[in-house]
Enquirer: 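Take this structure first; my questions come after.
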Amino acid sequence: VTVELSAYETSTARLLGSKTGMVQNHGSKTENLRYLVHSAVKKAMVGLEKTILGYWQADLQDGVQYKVILRINGEAGTALEDLHESVISALRSRFSKVRINKATDKTIDLILYANAQEFSDAFSVYGAIRELLSPLASVQKNNIAQTLIMMELN
């Protein structure tokens, strides 16, 4: 019996790791199958847990990850390009790391890393983002859920 387990971070969809567990079936009874699957999962889980803990330990050096989706309402053109640059520059000045996943005229999808001692939760991260971006545009939250922040700039 072979079982493959994969772990993903739910808010960012990042693959944290995959491990395979394998056990031999030395009998022909099908009622043993449940036990064999259980044993294979246990074998895979030990390695997967170590991999996940390793990723989390590495992430702590950069800070807590937050997925931020900014929807921008406004006209296309140079002013919008300038707004994009100003937004990214402001975020990079405040947070330890900012990684842009995707940017279109109307949307910026990014991951930012926030110091856990400075920011207790997503709402405090949103407050800092709002403070940074308020001079640039009107900021409004759409949704805040654990490590996901969705907001609009007008």
Side-chain angles (χ1 to χ4, degrees), residues 1-72 81 83-133 136 139-153:
V1 174
T2 303
V3 174
E4 184 175 335
L5 300 178
S6 298
Y8 294 88
E9 186 164 327
T10 55
S11 62
T12 62
R14 178 177 73 157
L15 176 65
L16 298 176
S18 290
K19 293 293 176 187
T20 303
M22 215 183 212
V23 292
Q24 292 289 333
N25 185 1
H26 296 293
S28 60
K29 295 183 179 179
T30 55
E31 51 272 1
N32 284 341
L33 188 58
R34 186 177 197 171
Y35 171 76
L36 294 171
V37 169
H38 179 73
S39 295
V41 168
K42 280 178 67 174
K43 281 185 171 186
M45 194 61 201
V46 171
L48 185 58
E49 184 179 32
K50 287 179 185 175
T51 304
I52 292 169
L53 291 174
Y55 270 106
W56 287 345
Q57 191 66 27
D59 278 351
L60 286 177
Q61 293 175 0
D62 289 330
V64 178
Q65 264 188 64
Y66 290 90
K67 180 165 180 88
V68 179
I69 299 173
L70 298 167
R71 196 171 98 200
I72 301 169
E81 286 291 318
L83 178 61
H84 277 223
E85 287 183 31
S86 298
V87 164
I88 299 305
S89 177
L91 293 174
R92 286 187 171 142
S93 73
R94 184 70 168 92
F95 296 98
S96 58
K97 185 176 176 183
V98 176
R99 189 178 78 226
I100 312 304
N101 292 329
K102 182 178 170 183
T104 67
D105 285 351
K106 300 292 182 182
T107 306
I108 301 174
D109 176 343
L110 56 92
I111 303 291
L112 60 82
Y113 295 79
N115 182 334
Q117 272 70 30
E118 190 177 348
F119 300 100
S120 59
D121 58 12
F123 203 81
S124 62
V125 171
Y126 166 74
I129 294 170
R130 186 168 187 237
E131 184 179 311
L132 282 170
L133 303 184
L136 304 172
V139 181
Q140 179 182 357
K141 72 177 171 301
N142 285 347
N143 188 13
I144 297 177
Q146 293 182 352
T147 59
L148 172 65
I149 301 169
M150 298 172 71
M151 51 199 304
E152 285 188 41
L153 300 178

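Scope of the values below: all heavy atoms of this structure, side chains included, with no hydrogens, waters or symmetry mates.
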Enquirer: What's the shortest heavy-atom distance between Val125 and Ala114, and which atoms?
Expert: CG2-CB, 4.0 Å
Enquirer: Between Asn101 and Leu110, is a side chain to side chain contact (heavy atoms under 4.5 Å, CB included) present by the stated rule, with each step listed?
Expert: CA-CA 5 Å; Asn101 292 329; Leu110 56 92; 5.7 Å; no
Enquirer: Supply the atom-to-atom distance Asn143 CG to Leu148 CG, rounded to the nearest 0.5 angstrom.
Expert: 6.0 Å
Enquirer: Find out whether Thr20 and Val3 are in side-chain contact, i.e. whether some heavy atom of one side chain is under 4.5 Å from a heavy atom of the other.
Expert: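 They are not in side-chain contact.
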Enquirer: Show, in sequence, the C-alpha distance, side-chain angles and deciding distance for Val23 and Lys43, and conclude whether the side chain to side chain contact (heavy atoms under 4.5 Å, CB included) test is met.
Expert: CA-CA 9 Å; Val23 292; Lys43 281 185 171 186; 4.0 Å; yes
Enquirer: Just do the side chain to side chain donor-acceptor pair (under 3.5 Å) check on Arg14 and Tyr55 with the steps written out, would you?
Expert: CA-CA 11 Å; Arg14 178 177 73 157; Tyr55 270 106; over 6 Å; no
Enquirer: Side chain to side chain contact (heavy atoms under 4.5 Å, CB included) for Ser18 and Leu48? Distances and angles first, verdict last.
Expert: CA-CA 6 Å; Ser18 290; Leu48 185 58; 5.7 Å; no
Enquirer: Report yes if some heavy atom in the side chain of Arg130 is under 4.5 Å from a heavy atom in the side chain of Gln140; otherwise report no.
Expert: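 A side-chain contact is absent here, since even the closest heavy-atom pair is not under 4.5 Å.
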Enquirer: Starting at NZ of Lys67, measure out to CD of Glu9 and round the result to the nearest 0.5 Å.
Expert: 10.5 Å
Enquirer: Stepwise, does the side chain to side chain contact (heavy atoms under 4.5 Å, CB included) test hold for Leu36 with Arg34?
Expert: CA-CA 5 Å; Leu36 294 171; Arg34 186 177 197 171; over 6 Å; no
Enquirer: Indicate the atoms forming the closest heavy-atom contact of Val68 with Leu112, along with that distance.
Expert: CG2-CD2, 3.7 Å
Enquirer: Give, for atom CG of Leu153 and atom CD1 of Ile129, the distance between the pair rounded to the nearest 0.5 Å.
Expert: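 Taking CG in Leu153 and CD1 in Ile129, the distance rounds to 10.0 Å.
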Enquirer: I need the Ser86 OG to Glu81 CD distance, nearest 0.5 Å.
Expert: 11.0 Å
Enquirer: Between Glu152 and Lys106, is there a side-chain N and carboxylate O pair less than 4.0 Å apart?
Expert: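 No.
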Enquirer: Just by modelled atom types, is the Asp121 backbone N or O under 3.5 Å from a matching donor or acceptor in the Ser124 side chain?
Expert: yes
Enquirer: Would you indicate whether the side-chain heavy atoms of Thr51 and Leu16 approach each other to under 4.5 Å?
Expert: no
Enquirer: Hey, are the side chains of Glu118 and Arg94 touching, using non-hydrogen atoms and a 4.5 Å cut-off?
Expert: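 In short, these two side chains touch, coming nearer than 4.5 Å.
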Enquirer: Could you state the interatomic distance from CE (Met150) to NZ (Lys141), rounded to the nearest 0.5 Å?
Expert: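 Answer for the CE-NZ pair, Met150 versus Lys141, is 13.5 Å.
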Enquirer: Give me the atom names and distance for the closest heavy-atom approach of Tyr113 to Phe95.
Expert: O-CB, 3.5 Å
Enquirer: Does the gap between the ring centers of Tyr66 and Tyr126 come in under 6.0 Å?
Expert: no
Enquirer: What closest approach, in Å, do His84 and Ile72 show between heavy atoms, and which atom pair accounts for it?
Expert: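 Between these two residues, the closest heavy atoms are NE2-CD1, 3.3 Å.
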Enquirer: With the side chain counted from C-beta on, respond yes when Val41 and Leu5 share a heavy-atom pair under 4.5 Å apart, and no when they do not.
Expert: yes
Enquirer: Which atom names give the shortest non-hydrogen contact between Ile88 and Ile100, and what distance separates them?
Expert: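 In this case the closest contact between Ile88 and Ile100 is CD1-CD1, 3.3 Å.
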Enquirer: Apply salt bridge (charged side-chain N to carboxylate O under 4.0 Å, His left out) to Glu4 and list each qualifying residue two or more places apart in sequence or on a separate chain.
Expert: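 So Glu4 forms no salt bridge (charged side-chain N to carboxylate O under 4.0 Å, His left out) with any residue.
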Enquirer: Does Ser96 reach the main-chain N or O of Asp62 with its side chain, forming a donor-acceptor pair under 3.5 Å?
Expert: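 Present.
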Enquirer: Can you tell if the side chain of Leu136 reaches within under 4.5 Å of the side chain of Leu83, non-hydrogen atoms only?
Expert: yes
Enquirer: Taking atom CD as the centre, does Glu49 end up with more than 12 heavy-atom neighbours from other residues, nucleotides or ligands that are less than 6.0 angstrom away?
Expert: no
Enquirer: Taking all non-hydrogen atoms of both residues, which atom of Met151 and which atom of Leu70 are closest, and how far apart?
Expert: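 The pair with the smallest heavy-atom distance is CG-CD2, 3.1 Å.
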Enquirer: For the backbone of Ala116 and the side chain of Ser120, can you confirm whether one donor and one acceptor N or O come within less than 3.5 Å of each other?
Expert: no
Enquirer: From Arg71 CZ over to Ile108 CD1, what is the distance, rounded to the nearest 0.5 angstrom?
Expert: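 Between Arg71 CZ and Ile108 CD1, I get 13.5 Å after rounding to 0.5 Å.
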